[in-house]
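One structure below.
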Amino acid sequence: MPTHVLILGGTTEGRLLAELLHARGLRVTSSLAGRVAAPRTPPGEVRIGGFGGAGGLERWLREHAVDAVIDATHPFAGTISFHAAEAAAGAHVPLLALRRPGWAPVPGDDWHPVGSLAEAAGAARALGRRVFLTTGRMGLAAFAHVDDAWFLVRSVDAPDGPCPPRAEVLLDRGPFTLDGERELLRRHRIDVLVTKDSGGAATAPKLAAAREAGIPVVVVRRPPVPQGVAVAAGPEEAAAWLDTAHAARPGAG
C-alpha cells in the first residue's frame, strides 16, 4: 500500500474512501474545493481550496510526497479532473478517477438528454413552465435569461450569482425520500425536472417521482473522464486499485 494518498474529494464516495483508507492506517489528505459552506469533513488531513492550476497541484504532490491521487470530485467538477491528470503525469504519480455510475432511464421515463446547462435551459422552456431545477447553485446563470417560466431551485447553499427572475430557492441537502419528492412536485405543480446525471442514490428519488407523475426530465450528460485515466465505481474498488498501482511503481516494495 502507498503511504500518502491525496483524495480530491467533495463527494460521498470521497469521504467513504477516506474513512476506509484511514482505518487501514494510511496517511490520507482530502482536498475540498470550499464551495459548500459546511462540508462533511472526512477523517485524516483536510485542506480547503484550489492548488493554483495543474502546475500548483504538481508542486503540491512533489512537496508532500504523495504516492497516489484519487480524483473523487463531483462528476461535473470538470476542470480539476483535467488538472489532476496533467499534474499526476508530471509528478509520475498514479491517478484514479472514482466515479459513481450514472443514472439510466427505465420504462416510463421521459428523459431529454442534453450536453450543457445552456441546452438544458432551452429544453426546459420547450417542455414546461414550472421547472424543478436541481443542477446546483454554480450554474444558475445559464437559466437567468428565462423569464417566461417559474423555477424551484434546490441547492445546499444559497445562490450568489445570476438567477432566473421568477424563482424560489429551497435550501436542502440529500439524501431525499420518494415521498418527499412526490410531495414537492405536487405542492409546487412542477411540470418539468432539470438535473445533472450525477448518479448515486441520495438524489435519485426525484427521478422516480417524476416518472410516476409523467413529468419530463431534462438530463445534462456528464463530461468524460480525461483520456487514459483509470476509473473505479466505488471506494472498495478504489482501495484495491491502490494496491495494484503502488506495486507497479518503480522501486515499490
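No experiment lies behind these values; they were computed from the predicted model shown.
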Side-chain ion pair, Asp110 and Arg211, N-O less than 4.0 Å:
no
Given side chains that start at C-beta, do those of Arg182 and Glu212 come closer than 4.5 Å, heavy atoms only?
yes
Between Leu117 and Lys196, which heavy-atom pair has the shortest distance, and what is it?
CD2-CE, 4.2 Å
Verify the neighbour count for atom CZ of Arg125: are there more than 12 heavy atoms of other residues, nucleotides or ligands below 6.0 Å?
yes
Can you confirm whether Leu61 sits close enough to Val69 that some side-chain heavy atom of one is under 4.5 Å from a side-chain heavy atom of the other?
yes
Within the 4.5 Å heavy-atom criterion, are Val218 and Trp111 side-chain neighbours or not?
no
Pairwise distance CE(Met138) to CG(Asp157) - rounded to 0.5 angstrom:
10.5 Å
Verdict with supporting geometry, Leu140 and Val153, side-chain contact (heavy atoms from CB on, under 4.5 Å)
CA-CA 9 Å; Leu140 292 181; Val153 178; 3.8 Å; yes
Report the relative orientation of the aromatic rings in Trp60 and His64; use parallel for angles under 30°, tilted for 30 to 60°, perpendicular for over 60°.
parallel
So, Asp191 and Arg129, do they make that salt bridge, N to O below 4.0 Å?
no
Audit row: Glu236, Leu20, side-chain contact (heavy atoms from CB on, under 4.5 Å) steps and yes/no
CA-CA 8 Å; Glu236 291 284 354; Leu20 179 61; 4.1 Å; yes
Taking Leu21 as the starting point, is it possible to reach Trp241 by hopping between hydrophobic residues whose side chains are less than 4.5 Å apart?
yes
Using a strict 4.0 Å threshold on nitrogen-to-oxygen distance, state whether Glu183 and Arg187 make a salt bridge.
yes
Heavy-atom pair with the smallest gap, counting every atom of Ala54 and Ala87:
O-CB, 3.5 Å
Taking the side chain as everything from C-beta on, heavy atoms only, tell me whether Ile70 gets closer than 4.5 Å to Leu6.
no
Can the positive tip of Arg173 be found less than 6.0 Å from the middle of the six-membered ring of Phe176, inside 45° of the ring normal?
no
Under the side-chain contact (heavy atoms from CB on, under 4.5 Å) test, which residues partner Asp160, sequence neighbours left out?
Arg137
Less than 4.5 Å apart, side chain to side chain, heavy atoms only: is that true for Trp103 and Thr203?
yes
Any residue meeting side-chain hydrogen bond (donor to acceptor under 3.5 Å, both in side chains) with Arg130, in chain and number order, not counting sequence neighbours:
none
Can you tell whether the side chains of Glu13 and Arg100 come within less than 4.0 Å, N to carboxylate O?
yes
Is any side-chain heavy atom of Phe151 less than 4.5 Å from a side-chain heavy atom of Arg166?
no
Is the closest basic N to carboxylate O distance between Glu181 and Arg186 below 4.0 Å?
no
Smallest separation among heavy atoms of Ile190 and Phe132, with atom names
CG2-CB, 3.7 Å
